[in-house]
Protein chains: 2
Amino acid sequence: MTMQDVARHAGVALSTVSATLTAARPVSAGTRARVEASMTELGYRPNALARGLASKRSHVLALAFPMGPAGLSRTSAEFVIGATEAAQDRGYQLVLWPFATDDAAGLLDVARQGLADGVLLMEVGTGDARVRALAEAGIPQALIGRTGDDGLPVVDIDFDATVVAAVQHLSGLGHRRIAFVNHAEHRVTEGHGPTVRAGEAYRRIVAGLGLPAQEVFAEESVAGGRVVAAQLLDAPQPPTAVLVMNEEAAFGLVAEFAARGVAIPGDVSVAAVVSTPAVAGQTVPPLTTWHAPGVALGRAGVDLLLSVLGTGEVPAPTLIGCGLVDLGSTGPAPRGGPHP
Amino acid sequence: MTMQDVARHAGVALSTVSATLTAARPVSAGTRARVEASMTELGYRPNALARGLASKRSHVLALAFPMGPAGLSRTSAEFVIGATEAAQDRGYQLVLWPFATDDAAGLLDVARQGLADGVLLMEVGTGDARVRALAEAGIPQALIGRTGDDGLPVVDIDFDATVVAAVQHLSGLGHRRIAFVNHAEHRVTEGHGPTVRAGEAYRRIVAGLGLPAQEVFAEESVAGGRVVAAQLLDAPQPPTAVLVMNEEAAFGLVAEFAARGVAIPGDVSVAAVVSTPAVAGQTVPPLTTWHAPGVALGRAGVDLLLSVLGTGEVPAPTLIGCGLVDLGSTGPAPRGGPHP
DNA sequence: TTGAAAGCGTTACCAT
DNA sequence: ATGGTAACGCTTTCAA
C-alpha cells in the first residue's frame, strides 16, 4: 500500500498524490477529490520513515529522560504526559531517551542518528554538558529548567511567583511566623535550581513583608520531615505556618505534628508548594497544595522546541506558576500566640 | 556525513561499509579496519530513518500508554522506565503513544504509519479492541496484563503468587484472621484483571490454610481506606492482619488505625501488596510491601515483543511476582486474641 | 571478498 | 495544474 498504488488507483501521477497530502503545490478540486477517495478506499497511510527521509523532518521529538529516582516523581510523570499529548496534538511522536544527565556522550550518540528532529532536555543543571554537546552538533533543543547561561530556549516552573503567592496567602490569614521547608542543604551547594530559586524567593518575600525568615532544609525522606518538624516546634519562636517544598519530608512533617498533638490547621497551617494533590493529598489531613504544572510544562516544552525548529529563533524563557489546590490545611493564625 | 563519504574516505564501495556495519556478509579484517578507522575519523553515525526504510525495520518500539490517572501511578512509571531501558539495551528506541485504552482507531492510525516495528500495549482489558485491530493489521504486539483470550504474547504481574506469599508470610507469624483490602468493587464487575485475580488468589489461599476469608473493597482514596478500616475494626471478629492492594486506601487505613489507637504492628499487622516502598513507605509507620515489579515487567515486555518480532512465535505468558520489602509493619499475631 | 546497482516510499524540483 | 524523475541514505541482491 504505497503512494504509487494510490496514484494508479486514482489515475494520477505519484507526485500529485504527494501534493494532495502536503499541499506543497496546488491541486484542482476534482483531482483532490479523486485522490482522497482512492486513499480512503485503499486505506492508505503515508510511511513515516520514507516521508522523514525525503523531507529531512522525521516529525519525531526526543525527550531526554533522566534516569534515577527523580525521573519517577509524579511531577516528572505529568511532564511526560503533557509532552506526549502536545507532541501528538502537533502531529509529532515522542521518543524516550533514557540518559543520565551527565551522559552527554551517550545522548549525542543517539541524537546523531537523526531519528529525532530535536531534543527536549529534562533536569537541566548549570553548565549542563548535554546542552553544549547538542549545540555543537547543531541539534535543536529545548530545556526544562534554567541553566546559568542565557539565550537558551527554556521553560521552567515559576518558583518565585509560587512561593510569593503561598507566603502571601498565609500572611493574609494573619500568620507572621511562616517557615519554609526546602530540599536538602547539599542541593544548594550543588546549584539545584528549584532549591536555590525557591529559597531566594522565600527570603525576599518574608523580608518584604517584614516577617522573620525561618528556612530549614530537610532530607528527602519521611524521617527528614520528622527531624525538621521537631526542629521547628522546638525553636524559641515556633512558626504558626509552614510551607514545604519537599514531598517526602511532608509526610514526616505531618506525622511528627500529629505525634506531638499539634493540630493542622488549628495550631499550625501547613501547605505544600510545587507538589501535587495526588501526593500531598495523601497525608492526613491532606495538604493544601500549590500544584506543580507538570502537564502544562510538558506541553510548553514541546511547543518551545517546535518553535525553535520552525523559526530557528530562541523565544524568551517561559515560566509557569503553580495553581492553588485548597485541601483545607491552612487557616487563620491562632489567636493566643504560639501554640502549645 | 553519509555512508558514501565513509566509503570514499576508506577507498571501498558503499556496500562494503554497509557490510562492515551489519555483518550481513563477510568483510576481510584489513578492510574492516580501514572502514572502521574512517568511520571514527569522520565521526560517522548511520541514519536511522534511511536504515529503517531500506531494511524495513525501524528499530523503534511503541508503547501504547493509557491516558488518565492510572498511567500516572508509580508502578506505571517504573514500567515505562524498564521498557525504555530494555529497548535501549537492545538497540531500540521507544516512542510513547498516548491513547485511551478504548481508542483502537487512533492507535491503529498511527501504528500503520510504520514508524514502529511493534507495539507494547499497557492496561489490556478483556476483549481489548486494540488487540484485535493490531492483529488484523498485522502489526506485531505484546500485552501487559492478561486478556480473556489465549495464545497472545503476554507478560503480567503474578498476582496469585504474590498474594499467596503475603498470606503465608502473615500466617507464618501466627495470624489467623487475615483481611484483604482490594480495589473498588466495581472493578470486579468491570473485569479488572488485578482485582479479580488477586481476590481469587486470596480466597483460595485462606481457604487452603483453613482460615476465614475477609475480603473488603475500598474506593481508591484516602477516605475509602478509612471507611474499610472502620469496617474491619468494627467487625465481630476483627482481623489481626491486613493485606492492602490499594495504594490510595492504604494511607487512609493507616490513618484510621492511628486515630483509633490501633498500633501497627503491635495490634494489627499491615502489609501492602503489588505496591512500592516509594509509596507504601510514606505512611507512618511505613508498610512492609510486596513490590510490584514495574521495571522488570517493562523489560520483560520489550523482550517479549522483540521475541515476537524475531521469531513470529508467541511464547507462553510470563508472570513476574512481587518482591518482599520488609519495612517492619508486620509482626507476630497478638497473644491475647483480638486487639482492643 | 568486493563492487555495482536496484530498490525502500516519500519529497522536491523541473518540465510540460 | 499535472507528470516525470532525481534525490534522501541506507540494505540487499547480483555479478565479478
Side-chain angles (χ1 to χ4, degrees), chain A residues 1-39 42-60 91-93 110-117 309, chain B residues 1-36 38-39 42-60 91-93 110-117 139 309:
Chain A
M1 185 49 22
T2 82
M3 193 171 261
Q4 184 59 259
D5 297 322
V6 176
R8 226 173 337 248
H9 183 104
V12 299
L14 185 157
S15 59
T16 300
V17 177
S18 175
T20 305
L21 236 31
T22 61
R25 74 180 198 199
V27 174
S28 74
T31 306
R32 140 161 291 112
R34 268 186 306 133
V35 170
E36 285 173 346
S38 297
M39 292 201 295
L42 298 179
Y44 168 76
R45 298 265 74 197
N47 181 287
L49 258 32
R51 190 198 276 268
L53 181 59
S55 68
K56 300 184 169 307
R57 277 235 181 273
S58 65
H59 280 232
V60 170
Y92 279 74
Q93 310 204 32
V110 50
R112 292 194 22 176
Q113 292 178 168
L115 204 229
D117 289 334
L309 241 28
Chain B
M1 183 53 18
T2 81
M3 194 171 260
Q4 184 60 259
D5 297 322
V6 176
R8 230 175 333 250
H9 183 103
V12 300
L14 186 156
S15 59
T16 301
V17 177
S18 175
T20 305
L21 237 31
T22 62
R25 74 183 199 198
V27 175
S28 74
T31 305
R32 141 161 288 115
R34 268 185 308 134
V35 170
E36 286 174 344
S38 295
M39 292 201 296
L42 298 179
Y44 169 75
R45 298 265 75 196
N47 181 288
L49 258 31
R51 191 199 274 271
L53 181 58
S55 67
K56 300 183 168 310
R57 278 234 179 270
S58 65
H59 280 232
V60 170
Y92 278 74
Q93 310 204 32
V110 49
R112 292 197 29 200
Q113 292 178 169
L115 205 229
D117 289 335
I139 294 164
L309 242 27

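Quick caveat: nothing in here was measured; it's all calculated off a predicted structure. Within every chain, numbering begins at 1; the chains are lettered A, B, ... in the order of the sequence lines, protein sequences first and strands thereafter.
As a whole-Å value, the separation of B:Arg25 CZ from C:dA4 C1' is 10 Å. As a whole-Å value, the separation of B:Gln4 CD from D:dT11 P is 13 Å. Look at CZ on A:Arg112: it is 14 Å from P on D:dG9, rounded to the nearest Å. Between A:Met3 atom CE and D:dG4 atom C1' there is a gap of 15 Å when expressed in whole angstrom units. Atom CG of B:Leu42 and atom P of D:dG9 are 15 Å apart (whole Å). Atom pair A:Met39:CE and C:dT10:P shows a separation of 11 Å (rounding to whole Å applied). Remark: P of D:dA1 and CZ of A:Arg34 are 15 Å apart, rounded to the nearest angstrom.
Between B:Leu309 and B:Arg57 there is a side-chain heavy-atom pair separated by less than 4.5 Å. Using a 4.5 Å heavy-atom cutoff, the side chains of B:Arg32 and B:Val35 are not in contact. For the pair B:Leu115 and A:His59, the minimum side-chain heavy-atom distance is 4.5 Å or more. Residues A:Gln93 and B:Gln113 are in side-chain contact: their nearest non-hydrogen atoms beyond the backbone lie under 4.5 Å apart. Side-chain contact between A:Thr2 and A:Asn47 is absent, with no heavy atoms from C-beta onward closer than 4.5 Å. Looking at A:Arg25 and A:Thr16, their side chains come closer than 4.5 Å, going by heavy atoms from C-beta outward.
Look at B:Ser28 and you'll find a side-chain N or O under 4.0 angstrom from OP1 or OP2 of C:dT2. Neither OP1 nor OP2 of D:dC10 sits under 4.0 Å from any side-chain N or O of B:Lys56.
Within residues 45-55 of chain A, the residues approaching DNA chain D are A:Leu53, A:Ala54, by heavy-atom distance under 4.0 Å. Within residues 12-22 of chain A, the residues approached by DNA chain D to less than 4.0 Å at the level of any non-hydrogen atom are A:Val12, A:Ala13, A:Ser15, A:Thr16, in residue-number order.
Across its full length, the helix from C:dT1-D:dA16 to C:dT16-D:dA1 shows an angle of 40° between the axes of its 5 terminal pairs at either end, rounded to 10 degrees.
Minimum interatomic distance between B:His9 and B:Ser38 (heavy atoms only, all atoms of both residues): CD2-OG, 2.8 Å. Contact detail for A:Pro46 and A:Arg51: the closest heavy-atom pair is CG-NH2, 3.2 Å. B:Asp5 approaches B:Leu42 most closely through the heavy-atom pair O-CD1, 4.0 Å. Closest approach of B:Val60 to B:Tyr92, counting heavy atoms only: N-CD2, 3.8 Å.
The backbone N or O of B:Gly52 sits nowhere less than 3.5 Å from a side-chain atom of B:Ser58 that would complete a donor-acceptor pair.
When each of D:dC14, C:dT10, D:dG4 is scored by its nearest atom to the side-chain atoms of A:Tyr44, the top-ranked nucleotide is C:dT10.
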